[in-house]
Amino acid sequence: MTAAVLTADQVRARVRELLAAHPPATTARGPFLWARFDAGLAWVHYPEGLGGLGAPRSLQAVVDAELEAAGAPDNQPRRIGIGLGMAAPTILAYGTEEQKRRFLRPLWTGEEVWCQLFSEPGAGSDLAALGTRAVRDGEDWVVDGQKVWTSSAHTARWAILIARTDPELPKHQGITYFLCDMTAPGVEVRPLRQITGEAEFNEVFLTGVRIPDAHRLGEVGQGWAVARTTLMNERVSIGGMRIPREGGMIAPVAAAWRERPELRTHDLHGRLLELWIEAEVARLTGERLRQQLAQGQPGPEGSGMKLTFARLNQEISGLEVELLGEEGLLYEDWTLRRPEIVDFTGRDAGYRYLRAKGNSIEGGTSEILLNIVAERVLGLPAEPRDDKDLAWKDLAR
Amino acid sequence: MSSPAAAPLDLLYSEAEEELRTAVRSLLAARCAPAAVLDRIEGGSPHDPGLWRVLAADIGTAGLLVPEKLGGQGAGHREAAVVLEELGRAAAPVPYLTSAVLSTEILLGCESAESADLLRELAAGSRICVPALPLTLAPGAPLPAPVRDSGTGSLSGSVTSVADAVCADVLLVLADTGLYAVPADAAGVTRTPLVALDLTRPLAGVTLDAAAGTRLADPATARAAIAGALLSGAGLLASEQLGIAEWCLTETVAYLRTRHQFNRPVGSFQAVKHRLARLWLDVASARAAARAAADALAAGAADAPLTVAVAQAYCSGVAVRAAEECVQLHGGIGMTWEHPAHLYLKRAKADSLALGTTGHHRGLVADFAELPAP
C-alpha cells in the first residue's frame with residue numbers, strides 16, 4: 001500500500017488531467033465535484049479511494065490554487081465546515097471501511113451537510129457529563145435526550161452524536177459515538193434564538209430515535225476517545241484562519257477612523273492603536289505557527305490562537321460600537337433570521353459586538369482552553385477532582 | 001488611504017541561529033548565573049569584562065552586524081536578535097546593546113575611514129564603544145544637541161543617563177559640528193555613575209569640558225546614522241525583552257509545580273494556571289513580534305519601521321508583565337533581594353523606557369498605519 005511520496009509537480013499533473021477530462025466551463029457543479037473527489041484531489045492527504053492521494057497535506061494548497069485559477073467550482077467549504085473540519089477527520093480515524101466509503105464523498109461535495117450533537121443544556125464545558133441516553137435494542141440503539149448550540153442542524157442530513165450507553169460507569173467511560181440520521185423519526189430541530197436576534201443555532205430533541213449499530217463509530221464505551229479527535233480538529237479549524245495585515249475585525253474600525261475624522265477622540269485613539277498592534281501581533285503569531293507547521297514542527301501556539309482571537313474580536317467590536325457614537329445606539333435588524341453560515345463582514349458593528357460574545361464560548365470556553373494550555377503546554381498539575389471515578393449516575397446534577 | 005501591506009517574513013530560527021544560541025546560552029549558564037550577577041552588583045562592578053571578552057571576541061558576537069571586510073561576521077539583525085534573547089534571559093551585565101548594536105550601527109552609517117577603523121576594533125571585541133546619548137532616546141524623536149564644539153573638535157557639554165558609559169573605551173558624541181569619537185579617559189571627560197533602577201545596565205552622566213575627539217561624520221550624516229541605529233536598537237531590544245519574559249515564565253512555572261500550599265502544588269489552582277497560560281500566550285506572541293522586527297531589519301523591508309514599532313509597543317509590556325507576575329507568583333520570596341526576580345523586573349521596567357516608551361511607539365504606529373490622532 002505504501003507508495004512513494006508525491007511531489008507538487010505530480011499533483012499538478014493530476015489537476016491538469018482532471019481539468020482536461022471535466023472542463024469547468026462545460027461541466028455542471030455536481031459532476032465536477034464528484035470527479036474531483038474520485039481523482040483524489042478533494043483532500044490530498046486522505047487515502048486513495050477516499051478523495052485523497054496519501055500525499056503531504058501541504059500539497060492541498062497547490063491543488064486549490066490551480067483549480068481556482070482554472071475557474072473550477074469549490075465545495076463551499078464554509079457552508080459545510082462542521083462536516084469537513086470535524087466529522088470527516090473523525091470518520092477517517094475511527095470509521096469502518098464501509099462507513100468511510102458511504103459518508104466521506106457526499107460530505108465533501110456538500111450534498112450531505114453535517115452537524116454536531118455534542119453539547120447539552122447540562123453538559124457544556126463539562127461535556128463528558130452528558131445525559132442523552134442510547135439503549136441497545138436488537139440491531140439498533142434507541143436514543144433519548146436533548147442537545148443544544150447545534151449549528152447547521154436545520155440544514156443537516158447527518159450528525160455526529162455522543163450519547164451515554166452505560167450510566168453505571170464513570171462519566172468518561174460510558175459514552176458511545178454515533179452517526180445520526182437527521183431525517184429519522186424522533187429527531188426534532190427547533191431554532192434557538194440568540195443574543196443577535198438570529199437563530200444560527202438550534203436545539204435538537206431526540207425522542208426514541210433508532211440508530212442502527214452499523215452507524216456506531218468506534219467501540220461501545222469508547223466514545224470519549226473518538227470525541228477528543230473531533231474536538232481537537234474543531235479548535236484547529238477555529239483558530240487557524242489566515243488573515244492579511246489589518247484584516248479581520250480591525251478592518252472596519254480602522255476604515256471608520258480614517259473616513260470619519262469627526263468621530264475621533266484621544267481616548268479612542270489610544271485604545272484603537274493598542275488593539276491595532278495586538279491584531280498585528282496576532283497575525284504574526286498565526287503566520288509563525290503556519291511556518292512551523294510547513295516545516296513539520298508544529299508549535300503549541302495553535303492552542304492559543306483561538307483564545308487570542310476571541311478576546312481581540314470582543315474588544316475590537318466593543319470599541320467599534322463606541323467609536324460610532326449615536327450610530328452605535330442603533331441595530332440593523334432584530335428580525336428572527338436563520339443564516340447558514342456565520343459571517344462578520346457585511347454586517348453592522350452592533351451585530352459584530354454581540355456575535356463576538358460567542359467566540360469565547362463556542363468550541364471550548366476560554367477558561368477550559370486556558371486549563372488545557374496550563375496543563376499540556378506548561379505542564380502544570382491538574383486541579384484535584386472527584387468526578388473521575390464516580391459512576392455517572394451518582395454525579396451531582 | 002490604507003495601511004502598508006506586509007512584506008513576507010521568515011519568523012522561524014535557522015539552524016545556524018540555533019547553534020549560535022546554544023553557544024551563547026552555554027557560556028551564560030557557566031559564567032552568568034543569577035547568583036553571580038548578584039555578586040557582581042554587590043561588589044559594585046556590575047559589568048563582567050571576562051564574560052564580555054569571551055562573548056564578544058571568542059564567540060564573535062560583537063561583530064555580527066559588521067561586514068566581513070571590516071573584520072566582522074557579516075551576519076545580521078536576525079543573529080544579533082538571538083544573542084539579545086539569551087542576554088535578556090540571563091539579565092547579563094554586558095554592553096551588547098550599546099556597543100555591538102547601537103554604536104556599531106552608528107559607525108556603519110558614518111562610512112568614514114575613522115569609523116571603519118573603530119568598527120574593526122569593536123568587531124574584534126578589543127574595544128567597547130558607547131553612544132553618549134540618553135538611553136530613553138527613541139527612534140523618530142528629535143535628537144538632543146547638548147554638546148558644542150568651540151572649534152577644531154574641542155567639545156563641551158553634558159549628557160545624562162548614558163548606558164554602559166562606565167565600561168566604555170570610546171564615547172560617540174553628537175556635537176553641533178558632527179559626530180566625534182572621544183576616548184572615555186581623555187582629558188576633560190568626566191563620567192559620573194548614577195544610581196540606576198536597572199542594576200544590570202549601569203548609567204552614568206557624561207560631562208565634556210573642552211575634550212578632544214576625532215570627527216567621524218558631518219552633522220547630517222551623523223543624524224541619519226543615529227536615526228538608523230535607534231530604529232535597529234529598538235527593533236532588537238524587543239528580542240532582549242522576549243528573553244526576559246521567557247526566563248520569568250519558565251522560572252515561575254518551575255517554582256509553582258513544586259511549591260505546595262493547602263496540600264497541593266500551587267500551580268494546580270485554576271486561578272494561578274489561567275494567569276500563567278495567559279502569560280504564555282503573551283510570550284508566544286512577543287516571539288512572533290520580535291522575530292518579525294529582526295527579520296524586517298535584516299531584509300531592509302520597506303515596512304521595517306512599522307514592524308519595529310509594533311514589536312517595541314508590544315514586547316515592552318510583555319516583559320514587564322512577565323516580571324511582575326514572576327514576583328507576585330513567587331509570593332514572599334519574590335520580594336527578596338536574594339531571589340533574582342528583582343533583577344529581571346528592574347531590567348524589564350528600565351527596558352520599557354529605553355529607546356522609546358510603548359506610548360511613543362504607538363504614536364509611530366499611528367503615523368505608519370495612517371491612523372491619525374484627533
Side-chain angles (χ1 to χ4, degrees), chain A residues 244-246 250-251 253-255 257-259 261-270 272-274 276-292 294-295 297 299-301 303-305 307-308 311 366-367 369-375 377-384, chain B residues 1-6 8-12 249-250 252-254 256-257 263-270 272-282 284-292 303 306-307 309-311 313-315 317-318 358-359 361-363 365-366 369-374:
Chain A
R245 174 177 284 162
E246 206 182 271
I250 198 75
V253 200
W257 186 270
R258 291 188 188 109
E259 288 155 18
E262 74 280 6
L263 299 176
R264 297 173 192 164
T265 70
H266 287 286
D267 167 55
L268 289 167
H269 192 230
L272 171 65
L273 290 173
E274 188 172 355
W276 195 95
I277 289 163
E278 286 186 31
E280 171 68 359
V281 172
R283 181 187 75 82
L284 291 167
T285 309
E287 188 54 39
R288 183 159 199 277
L289 176 65
R290 267 181 294 280
Q291 292 182 5
Q292 283 176 303
Q295 290 224 339
Q297 350 162 314
E301 285 86 347
S303 348
M305 293 312 294
L307 282 161
T308 299
R311 183 180 59 79
S366 291
E367 287 69 24
L369 293 182
L370 287 168
N371 283 348
I372 290 173
V373 168
E375 290 171 23
V377 179
L378 297 177
L380 289 166
E383 284 209 66
Chain B
M1 281 198 297
S2 67
S3 68
L9 295 167
D10 175 3
L11 301 172
L12 305 179
L249 174 64
T250 308
T252 308
V253 166
L256 293 177
R257 286 169 65 170
N263 200 36
R264 287 164 60 175
V266 174
S268 71
F269 288 92
Q270 194 173 67
V272 173
K273 283 156 87 167
H274 284 192
R275 286 172 75 152
L276 289 168
R278 285 204 185 89
L279 189 57
W280 172 81
L281 263 177
D282 291 347
S285 303
R287 184 176 301 110
R291 270 283 92 184
D303 63 348
L306 170 60
T307 309
V310 165
Y314 190 79
C315 296
V318 172
T358 297
H361 288 283
R362 268 187 208 148
V365 169
E370 298 180 25
L371 297 165

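Below, chains carry the letters A, B, ... as their sequence lines are ordered, and counting in each starts from 1. Values below: every heavy atom of this structure, side chains too, minus hydrogens, waters and symmetry copies. In this text, all values refer to a predicted model and were calculated from it rather than measured experimentally.
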Side chain, backbone, both or neither: which part of [X] has a heavy atom under 4.5 Å from chain B?
| X | answer |
| --- | --- |
| A:R311 | neither |
| A:E262 | neither |
| A:L272 | side chain |
| A:E367 | both |

* **A:R258 and B:E370 ion-paired at < 4.0 Å** =>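 Between B:E370 and A:R258 there is no salt bridge, as every charged N stays at least 4.0 Å from the carboxylate O atoms.
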
Hey, is the main chain of [Y] close enough, under 3.5 Å, to the side chain of [X] for a donor-acceptor pair?
| X | Y | answer |
| --- | --- | --- |
| B:K273 | A:I372 | no |
| A:W257 | B:A373 | no |
| B:R362 | A:G270 | no |

Side chain, backbone, both or neither: which part of [X] has a non-hydrogen atom closer than 4.5 Å to chain A?
| X | result |
| --- | --- |
| B:A289 | both |
| B:T307 | side chain |
| B:L371 | both |

* Asked: Hey, are the side chains of B:S285 and A:E278 touching, using non-hydrogen atoms and a 4.5 Å cut-off?
  ->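 No; the side chains remain at least 4.5 Å from each other.
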
* To do: Could you tell me which of A:G286, A:P261, A:G379, A:A254 has the largest number of non-hydrogen atom pairs under 4.5 Å with chain B?
  =>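 Max contact count across the listed options: A:G379.
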
* **Minimum-distance pair of heavy atoms, taken over all atoms of A:P381 and B:R257** =>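 That would be CD-CG, 4.4 Å.
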
